[in-house]
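Here is the structure we will look at, set down as structure tokens.
Just so it is clear: chains get the letters A, B, ... in the order the sequence lines come, proteins before strands, and each one is counted from 1.
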There are 2 protein chains.
Amino acid sequence: MTDIPTIVTVLDRAGYRLTEPRRKVAGLISRRDGHFSAADLVDDARERRLDVGRATIFRALELFTELNAVERVDLPNGDHAYVECEPVHHHHVICSQCARTTEVEACGMPAVARDVGRRTGFKIQSHRLELFGICPECQAANSRHG
Amino acid sequence: MTDIPTIVTVLDRAGYRLTEPRRKVAGLISRRDGHFSAADLVDDARERRLDVGRATIFRALELFTELNAVERVDLPNGDHAYVECEPVHHHHVICSQCARTTEVEACGMPAVARDVGRRTGFKIQSHRLELFGICPECQAANSRHG
DNA sequence: CGCTTGACGATACTCAGTCTCATTTGCTAG
DNA sequence: CTAGCAAATGAGACTGAGTATCGTCAAGCG
Ligand SMILES: [Zn+2]
Ligand SMILES: [Zn+2]
Ligand SMILES: [Zn+2]
Ligand SMILES: [Zn+2]
């Protein structure tokens with residue numbers, strides 16, 4: 001339910017083959033809401049009898065990640081998950097209850113990074129910022145019925 | 001080479017048994033410099049013929065992490081690693097060349113988190129921030145010989 | 001159309017991390 | 001100091017994510 005330039009479009013623009021399995025995986029991803037794991041997609045595929053090989057799902061995820069159509073996030077518990085997203089620098093706010101995520105663009109991090117660089121002597125190259133909390137929907141639901 | 005309250009001390013204060021295997025693992029950790037994985041410790045132990053079971057190393061790491069004597073970080077490539085560190089909120093600056101890490105305390109994040117919360121409606125509970133770059137030592141080494 | 005080459009899927013494999021369970025050991029109460 | 005118990009250990013089986021191999025297939029192009 002995002003109107004991100006569809007993964008298929010990104011694939012095409014990058015000159016990759018628009019194969020049936022890739023379309024299927026892209027489809028599975030776009031009908032997901034929050035973050036998901038490779039295993040989730042494998043299950044989804046089996047449920048809908050899409051007949052996509054396990055290895056293919058991993059390969060597709062890897063490729064989509066390279067093309068920045070999808071991003072990998074690390075959950076607080078150490079699990080890896082993926083999120084469909086836009087190909088520009090941003091971070092994710094992740095609901096620890098329902099897994100829904102939102103992108104945040106202006107991260108205010110350049111300033112922090114500069115400051116840290118000055119104090120530690122490191123030449124900062126990149127950063128990862130993930131915020132965890134409760135999304136508006138879950139907050140509402142929680143206050144409604146306990 | 002940190003003078004963090006030794007892991008053994010932390011263990012003791014928290015009321016856990018000071019077993020020989022735990023001492024050994026703590027020893028291995030403290031003589032490490034940058035981040036390390038469970039597998040690294042397993043190798044170290046084997047090399048120095050310390051005779052500590054694999055499972056025990058995992059268990060020790062888990063416990064030390066719970067006690068905040070050690071923290072888990074996620075490398076950009078998706079690998080998991082650990083770093084010995086102080087039990088207060090802070091973040092790590094990680095050298096992508098030599099794995100050395102430094103802790104940063106004032107992270108300036110509360111402001112960012114508040115802002116993000118306001119814009120997204122999320123109730124922010126926690127955040128993870130990791131900075132990657134080149135440490136001063138590596139910068140010096142690099143400029144010296146290429 | 002047919003070719004070429006990249007992609008696919010089945011399957012075997014690796015490796016991190018967990019679990020089980022019989023044995024050992026740190027601790028403490030006596 | 002010692003006995004006894006709970007907690008911790010280690011060997012090894014197990015799980016599940018992710019990767020590698022390789023023969024087959026089909027997307028895209030002329
Ligand atoms: Zn939610
Ligand atoms: Zn940022
Ligand atoms: Zn370095
Ligand atoms: Zn912070």
Practice task
Can you tell me the distance, in whole Å, between the CD atom of E66(A) and the P atom of dA7(C)?
Solution key: 11 Å
Exercise for the section: Taking the side chain as every heavy atom from C-beta outward, state whether E84(A) and R32(A) have any pair of such atoms under 4.5 Å apart. Expected result: no
Practice task
Spell out yes or no: do the side chain of R54(B) and the base of dG10(D) have one donor N/O and one acceptor N/O closer than 3.5 Å?
Solution key: no
Practice task
Mark yes when over 12 heavy atoms from residues, nucleotides or ligands other than N68(B) sit less than 6.0 Å from its CG; otherwise mark no.
Solution key: yes
Problem - L75(B) to H35(B) - nearest heavy-atom pair and separation - result: CD2-CE1, 3.6 Å
Exercise for the section: Answer with yes or no whether R17(A) presents, from its side chain, a donor or acceptor under 3.5 Å of a partner atom in the base of dT5(C). Expected result: yes
Exercise for the section: Rounded off to whole Å, could you give me the NZ-to-C1' distance for the K24(B) and dG10(D) pair? Expected result: 12 Å
Handout entry: Atom pair distance, as rounded to whole Å: CG in L41(B) and C1' in dG17(C)
Key = 14 Å
Problem - Bending between helix ends of the helix from dC1(C)-dG30(D) to dG30(C)-dC1(D) [5 pairs per end, 10° resolution] - result: 40°
Practice task
Indicate the ring-plane relationship of Y82(A) and F36(A), choosing parallel, tilted or perpendicular according to the 30° and 60° boundaries.
Solution key: parallel
Practice task
Take atom CZ of F58(A) and atom C1' of dG16(D), then tell me their distance rounded to the nearest Å.
Solution key: 9 Å
Handout entry: Salt-bridge contact R48(A)-D44(A) (side-chain N to carboxylate O under 4.0 Å)
Key = no
Practice task
Write down the distance between CG (N77(B)) and C1' (dT19(D)), rounded to a whole number of angstrom.
Solution key: 15 Å
Practice task
Using a cut-off of strictly less than 4.0 Å, decide whether T56(A) has a side-chain nitrogen or oxygen near OP1 or OP2 of dC8(C).
Solution key: no
Fill in the blank from the handout: D40(A) atom CG is separated from dG18(D) atom C1', nearest whole Å, by 15 Å
Exercise for the section: Indicate, yes or no, whether a donor-acceptor pair under 3.5 Å links the base of dG10(D) to the side chain of R59(B). Expected result: yes
Fill in the blank from the handout: Assign each of D12(B) and E62(B) the nucleotide of DNA chain C bearing its closest heavy atom; nearer the 5' end lies the nucleotide of E62(B)
For residues 18-26 of chain B, tabulate all N or O donor-acceptor pairs below 3.5 Å that involve a side-chain atom, not counting sequence neighbours.
residue	atom	partner	partner atom	Å
T19(B)	OG1	R22(B)	N	3.3
R22(B)	NH1	R17(B)	O	2.9
K24(B)	NZ	L50(B)	O	2.9

Handout entry: Under-4.0 Å side-chain N/O to phosphate OP1/OP2 contact, T19(A) with dG6(C)
Key = no
Exercise for the section: Write down the distance between OH (Y16(A)) and C1' (dC8(C)), rounded to a whole number of angstrom. Expected result: 16 Å
Handout entry: Rounded interatomic separation in angstrom, taking CZ from F64(A) and P from dA7(C)
Key = 12 Å
Practice task
Report yes if a side-chain nitrogen or oxygen of S37(A) is closer than 4.0 Å to either non-bridging phosphate oxygen (OP1 or OP2) of dA17(D); otherwise report no.
Solution key: no
